[in-house]
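One structure below.
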Amino acid sequence: MTETIETTEATEPAVPAAGPAEHETQQAPVTARDRVYAAADALVAEDAAVTVTTVRERAGCSNAVATTYLRRWRADRAAAEAEAAQLPALPRGVGLLVERGVTALWAEAVRSARTEHTAELATAREQLATARDDAGRLAALLDGAEAEQAAVRTDLAATRAEAENLAARLDAATTARDEARAEAAQAVGRAAALDAQRDQARTEIADLRARLAEAERDRAAQAEARAQAQGAAEGTREALAEARATLERARAASLRAQEDRVQADAERAAAQAAVARLEGETAALRGELQAAREQATRAERERATEAAARAQAEGEAAGLRQVLDARPTDAQDRD
């Protein structure tokens with residue numbers, strides 16, 4: 001994992017490090033390693049805390065890159081300090097004054113101290129390497145958690161937009177359903193009016209039939225008295241013709257009323273079918289809206305879980321950084 005980071009970050013474009021004024025005129029480091037080393041040296045010169053966060057902000061790199069190269073910088077710095085702290089050779093003047101036994105005792109004491117220091121330094125370096133590896137993994141996990149949180153936020157925004165769209169579609173379907181119900185009510189009213197007209201036509205037809213029967217009886221009576229009332233019979237025939245014409249018109253009106261009733265029934269059936277279809281679509285849209293709201297709720301819960309995991313990872317990383325910062329100091333104190 002460390003080698004991969006080193007290969008890819010080595011070709012990163014140089015990002016100027018934010019530092020004191022005397023460093024602004026220097027040429028910016030080219031590789032990620034140079035930028036991290038330069039940032040750490042600048043922080044030491046400023047007597048500031050050298051941590052993954054401060055180095056990352058100063059070098060303009062990711063947590064994983066800052067952790068990897070800061071670990072190497074500390075190792076190189078510890079090695080340089082250890083080399084500078086090595087015991088110098090015994091002065092010539094002192095060697096002339098002490099006896100050979102004292103010199104041998106001095107050399108044995110130095111060798112023993114160096115052996116003990118080397119063992120302790122190896123153990124400390126091993127522990128430090130393990131802690132730094134853990135810090136690198138935590139830094140990579142932190143970067144991944146930030147990316148996943150951004151993706152969850154994007155999904156949540158899309159889910160909210162979809163929920164708003166479904167709510168708008170539900171409102172439109174409700175409006176269309178209300179309009180269809182109003183049209184159905186109007187169709188029912190027209191059908192009731194046509195029924196009234198049909199009943200009125202039937203009443204008129206019955207009246208005409210009664211009048212026709214009465215006219216027929218009058219004609220029979222007039223036939224018996226035809227010789228005596230030729231003028232009255234002629235008037236009766238004209239009245240009968242008029243009654244027949246009225247009857248034909250009433251029949252035609254009844255047929256038209258029946259046709260209008262059939263058409264009204266068809267319109268009412270179509271309106272009822274439209275209402276049923278709209279109610280089905282409304283139910284489906286409500287189901288989709290409920291599903292979208294549940295998805296948004298799950299996304300919120302996942303975001304909360306990720307935020308908790310991130311907070312825990314940051315706490316663990318902070319603890320590891322404190323351990324890492326304390327290790328070199330302990331080794332120097334032992335030297």
Side-chain angles (χ1 to χ4, degrees), residues 1-81 125 127-154 303-332:
M1 177 178 177
T2 304
E3 295 299 329
T4 303
I5 295 175
E6 181 179 2
T7 303
T8 56
E9 294 294 336
T11 58
E12 282 187 353
V15 178
E22 63 269 15
H23 295 291
E24 293 181 354
T25 58
Q26 298 179 357
Q27 184 177 2
V30 177
T31 64
R33 175 186 178 279
D34 294 339
R35 295 204 308 273
V36 172
Y37 272 52
D41 293 339
L43 290 171
V44 171
E46 296 171 7
D47 197 16
V50 182
T51 64
V52 174
T53 302
T54 56
V55 170
R56 181 195 65 187
E57 294 176 354
R58 182 69 63 90
C61 61
S62 64
N63 285 326
V65 173
T67 301
T68 299
Y69 291 116
L70 183 58
R71 181 172 64 247
R72 297 185 183 180
W73 176 84
R74 285 173 175 165
D76 293 344
R77 182 179 176 85
E81 291 176 354
R125 284 178 177 175
Q127 294 176 354
L128 183 61
T130 302
R132 285 173 176 171
D133 290 339
D134 294 339
R137 288 193 295 272
L138 288 175
L141 290 174
L142 182 60
D143 292 338
E146 292 177 351
E148 291 178 359
Q149 184 180 14
V152 168
R153 288 177 179 173
T154 303
R303 184 178 67 80
T305 302
E306 291 175 354
R310 180 181 178 184
Q312 183 179 1
E314 289 178 350
E316 294 177 357
L320 290 173
R321 292 192 189 103
Q322 292 178 359
V323 173
L324 295 177
D325 293 337
R327 291 291 184 181
T329 303
D330 296 338
Q332 293 176 9

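Bear in mind the structure is a predicted one, so any value in this text is a computation, not a measurement.
If you take CG on Asp76 and CZ on Arg71, they are separated by 11.5 Å, rounding to the nearest 0.5 Å. Atom OG1 in Thr67 sits 12.0 Å away from atom CZ in Arg72 (nearest 0.5 Å).
No option in Leu324, Leu70, Asp41 other than Leu70 meets the side chain to side chain contact (heavy atoms under 4.5 Å, CB included) test with Val50.
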Exercise for the section: Begin from the C-alpha positions of Val44 and Trp73 and carry the test side chain to side chain contact (heavy atoms under 4.5 Å, CB included) through to its verdict. Expected result: CA-CA 12 Å; Val44 171; Trp73 176 84; 3.6 Å; yes

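By the side chain to side chain donor-acceptor pair (under 3.5 Å) test, Arg153 is found to be paired with no residue, residues two or more places apart in sequence or in another chain being considered. For Thr53, the side-chain contact (heavy atoms from CB on, under 4.5 Å) criterion is met by Thr51, Arg56, Glu57, Arg321, not counting sequence neighbours.
Of the charged side-chain nitrogens involved, none lies within less than 4.0 Å of a carboxylate oxygen, so that Glu306 and Arg310 do not count as a salt-bridged pair.
Between the side chains of Arg303 and Gln149, not a single donor N or O lies within less than 3.5 Å of an accepting N or O.
Looking at every heavy atom in both residues, Tyr37 comes nearest to Tyr69 through CE1-O, 3.6 Å. Between Gly60 and Arg35, the closest heavy-atom pair is O-NH2, 4.0 Å. Nearest heavy-atom pair across Ala49 and Thr54 is O-OG1, 3.1 Å.
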